[in-house]
Amino acid sequence: MVGIWTAPRPVPADRILDLRRRLAACSRSGLPYLHCPCLVLALALGLPTEISGGSPEYVDVAPSAGLGAAVTFGSATESNFILETTGTGAAILDFDRDGDNDIFVVNGTTFPLAEAGKSPPSMLYVNDGRGHFTESALEMGLTASGWGQGACVGDFDNDGWDDLAVTYFGSNVLYRNREGRFVDSSGGLGQPADSRRWGAGCAFLDYDQDGLLDLFVSNYVDFDPENTPKPGSSGACEWKGIPVMCGPRGLPRASNLLYRNLGDGRFEDVSASAGILEAGGRYGLGVIAADFDIDGDIDIYVACDMTPSLLYRNNGDGTFTDIASEAGVAYSADGQLQAGMGVAVADYDGNGFLDIAKTNFSGDLPSLYNNEDGVFFEDLAFEAGLGAHQLLGWGALFIDADEDGLPDLMLANGHVYPEVDSADIGETYRQPTLLFKNLGAGTFQDVSDTAGPALQAPRPARGLASGDLDGDGHPEVVVVNVNQPPALLKNVPDGTNAIVLKLVGVESNRSAIGARVEVAAGGRRLTQAVAGGGSYYSQSDLALHFGLGQARQVEAVRVTWPHGLTQEWTHLDANKRHVLTEGSAEPESTALIRPQQAGSRLAPAR
C-alpha cells in the first residue's frame, strides 16, 4: 500500500488562488474546464481531468412513497413572531435495524394549538423495504410535541441502536432507542426550567475521546413572546417596507450548550468549564461537528444569524476555543455579518481538508470557506461560481449527485416572510432547490434547471437530509417544508458506480462520529468524515457514499478512527455496502441494488 496516499506536488497557495480565479472565469464564460485553456489551468493545479459521471435527474416521489403529512409551523400567510419562521429539520436513520433507512421529521405547532394543548407530534416514517413508508411516531414512543426545531442522531449508550435528540423552544428531548422503540430520557439532560430557551441545531460528538457521545446544542434567542415587539413597530420590524416579525436583532442573544455523557444515561452541562460560553451570546442555528484541522479531536462549527459564526476548536484537553474570526469563517468574504442558517462540510477541492459551505439570507451569496491548511479558510463562493442566485438558503448538503467522485452542493431555499407574496418587491416565499455541480477545479456550475423537475418546484423549504432509502447506494434527499408535506427527491444517475461505507466503532463511539475516511480509486484520493449534525437542523445518514464514476473497484480505504487507530482495507468491490468495524480485518459486504442492474424500489415516475 505504499504510495497510495502520496499527495500531488504542492502548488504555492498564491498560485492556487490565482488559478482558481481564472478557472472561475472559465466557468462563468460557459467553457468546461476540461477544454483548453481551462484544461491547462486544471493540470497546473494537479487536478484529475478524466471525470466521467452520470446525469442527475431528481424526481419527487414523496406522494407515492407515503410521505403525506404536512409539517405544522406557524401561519402560512403571516408571521407575528420569529418563532413562527424557522421551521424544522429531519433525520435519516435505521432505527429498527432492519437494513432499511427510516425518516424522522420534526414537527412544530402554532400559537393557538400550543395554547389548547393540541400540538401535533413529530413524524417517523418507517420504511417497509418495498418503496413505501408508514407514519408510526406515536407507536414507536416519539410522543413529544411543541415548537420542534432540529434533530440529530447518535448511539449515545453504545448498544448498537441509534438514539435521537430533538431540540425545542422550551425543553429539548432525548430519546433512547430500546431495540426499536424509543424511551424519553430527557431527564438525563438535567435541563433547568427556562421557558425562554430556544434549542436550535444539535450534534452528537465525542469531544473528550472517552468513547461516549456527548451532545452539543446551539441556541437561537432567549425568546419571550409576551415582551417581543409587534410587526412594524420599529425599523427592526420592517423589511423592504413590509411590516414583518421582529428579530433576531433586538432580541436577547442566547448561549450554546455542551452536555458531557456520564455513561449512565445522565449528561452533565459542561458549557462553562469547556469554554463554550466564553464566545458570548449568539443567534446560533445550524451545527456540524468534524475534525477541521486533522489533529484527532473533533471541532464544532455553528452558523449564526446576524452575529459572527463560531468555530470551536477542540484543544484536546476537554476545552474549546472559538477561532472563527482568526480562521476566516466568522464573516463574509468582505468582512460583513451574515444571516447564516445551514452548514455542510466536504473536501470539495481534494486537498484533504474539510471545507465549509454555509447558507445565508436573501440577497447574499452562500459562503464557501475553503480550508487551506486546517488553520486558515478563505471564502471563495464568488470565485467558485456560487453567485448565480441569491435566494434565502436553509438546508445545505454536499452530495455526489452524478457519482463522479466529486461532492456537488445542494441548497434548500424558502423565504422567511410569508408576507412577501403579497408585496411587489420581486421576492417569493416558495423558492427552488439548487444543485451546483462540482467541476473538479474548485469551481461549480449551476445545473438546477437540467437536473430534474424536483429541483425546479418552488417550496417553503427548511431542513435537508440525505441517505440511501431504497438500497441502490445512491442517497435520496428529504426536504422539510413549512406547512407542507416533505419532499423526497429520488435520483438515478445512469451507468455509474458507487460504494457505501458504514463504520462501527468499538473503542471509539459506536456511531464512529469523528472518523476520517480516505478512498483511493481511479487515480485520485477522496476524503470524507462521519460528522455529527449538519445541514439546517438535520442529520443525514451516518453511512458514507462515494461515487466512483466508471471504476469497478476501490484500490484502498483508509479509516482513522476517533480513538486514533488507523486501518486500511484494499480492493473493495464497487456497488456494495461495506460495514467496516474498528479493529476487524474483514468487512461485511452486501450488494447494492444498482439502477442498471435491477431497478429501484423507489421508482421515479418519469
Side-chain angles (χ1 to χ4, degrees), residues 20-21 23-34 38 42 47 51 53-58 286 303 332-333 340-350 354-360 362 364-371 378-414 431-459 461 464-466 474-475 477 479 489 491 493 526 528 534-536 540 545 547:
R20 281 190 176 131
R21 286 172 175 156
L23 280 166
C26 275
S27 175
R28 289 193 294 273
S29 71
L31 266 178
Y33 93 91
L34 297 183
C38 295
L47 295 166
I51 297 175
S55 298
E57 183 178 357
Y58 283 95
S332 68
M341 311 289 188
V343 59
V345 300
D347 177 19
Y348 79 87
D349 61 349
L354 294 176
D355 312 297
I356 301 172
K358 176 169 67 71
T359 54
N360 298 306
S362 175
D364 195 1
L365 277 69
S367 304
L368 184 65
Y369 297 114
N370 179 261
N371 189 342
E378 182 172 8
D379 188 349
L380 298 178
F382 180 78
E383 290 83 358
L386 300 184
H389 305 276
Q390 295 185 12
L391 303 178
L392 203 159
W394 298 90
L397 287 175
F398 278 110
I399 185 170
D400 189 358
D402 52 6
E403 294 193 332
D404 65 354
L406 302 171
D408 310 303
L409 181 61
M410 183 177 288
L411 306 176
N413 304 286
Q431 298 181 354
T433 302
L434 300 177
L435 179 64
F436 292 92
K437 174 181 169 56
N438 190 335
L439 299 179
T443 59
F444 292 80
Q445 178 184 0
D446 180 9
V447 296
S448 311
D449 290 342
T450 60
L455 298 186
Q456 300 165 32
R459 302 181 179 90
L464 194 65
S466 65
H474 195 91
V477 176
V479 186
L489 310 188
N491 173 34
L526 314 174
Q528 292 191 41
S535 188
Y536 175 76
S540 293
H545 162 263

### Message
Measuring from atom CD of Glu378 to atom CG of Asp355, what distance do you get when rounded to the nearest 0.5 angstrom?
### Response
12.0 Å
### Query
Side-chain contact, heavy-atom cut-off 4.5 Å: Leu368 with Glu383?
no
### Query
Given Val343 and Ile356, is the side-chain contact (heavy atoms from CB on, under 4.5 Å) satisfied, shown in steps?
CA-CA 7 Å; Val343 59; Ile356 301 172; 3.6 Å; yes
### Task
Using modelled atom types only, decide if a donor and an acceptor are shared between the side chain of Asn413 and the backbone of Thr433 within a distance under 3.5 Å.
no
### Message
I'd like to check the side chain to side chain contact (heavy atoms under 4.5 Å, CB included) partners of Asp364; sequence neighbours left out, ordered by chain and number.
### Response
Gln338, Asn360
### Query
Which residues satisfy the side chain to side chain contact (heavy atoms under 4.5 Å, CB included) test with Ala454, sequence neighbours excluded?
Tyr58, Asp60, Arg459, Leu489
### The single option from Thr443, Asp404, Thr450 passing side-chain contact (heavy atoms from CB on, under 4.5 Å) against Lys437
Asp404
### Query
Closest heavy-atom contact between Ser540 and Ser466?
OG-N, 2.9 Å
### Query
With a 4.5 Å limit on heavy-atom distance, are the side chains of Leu464 and Val477 in contact?
yes
### Query
Which value, rounded to the nearest 0.5 Å, describes the distance between Tyr536 atom OH and Leu411 atom CG?
15.0 Å
### Query
Can you name the nearest heavy-atom pair linking Ser448 to Leu455, along with the distance?
O-CB, 3.9 Å
### Query
Taking it one step at a time, do Asn438 and Phe398 satisfy side-chain contact (heavy atoms from CB on, under 4.5 Å)?
CA-CA 10 Å; Asn438 190 335; Phe398 278 110; over 6 Å; no
### Query
Do side-chain atoms of Gln456 reach the backbone of Asp449 as a donor and acceptor pair under 3.5 angstrom?
yes
### Task
Please round to the nearest 0.5 Å and tell me the distance separating atom CG of Asp347 and atom CD of Gln528.
9.5 Å
#### Entry: Over all atoms of both residues, closest heavy-atom pair of Val479 and Ala412
CG1-CB, 4.5 Å
Atom pairs and distances, side-chain donor-acceptor, residues 388-397, under 3.5 Å, sequence neighbours left out:
from	atom 1	to	atom 2	distance (Å)
His389	NE2	Asp446	OD2	2.6
Trp394	NE1	Gly414	O	2.6

### Query
So do the side chains of Leu386 and Leu409 get within less than 4.5 Å of each other, counting heavy atoms only?
yes
### Summary
Rounding to 0.5 Å, atoms CG (Leu354) and CG (Asn370) come to a distance of 11.5 Å
### Query
How many angstroms lie between atom OG of Ser332 and atom OH of Tyr369, to the nearest 0.5 angstrom?
7.0 Å
### Query
In Å and rounded to the nearest 0.5 Å, what is the CG to CZ distance from Asp408 to Phe436?
11.0 Å
### Query
Under 3.5 Å, is there a donor-acceptor pair between the side chain of Thr359 and the main chain of Gly342?
yes
### Task
Using distance alone, with no hydrogens and no angle criterion, decide if Asp400 and His545 have a side-chain donor and acceptor under 3.5 Å apart.
no
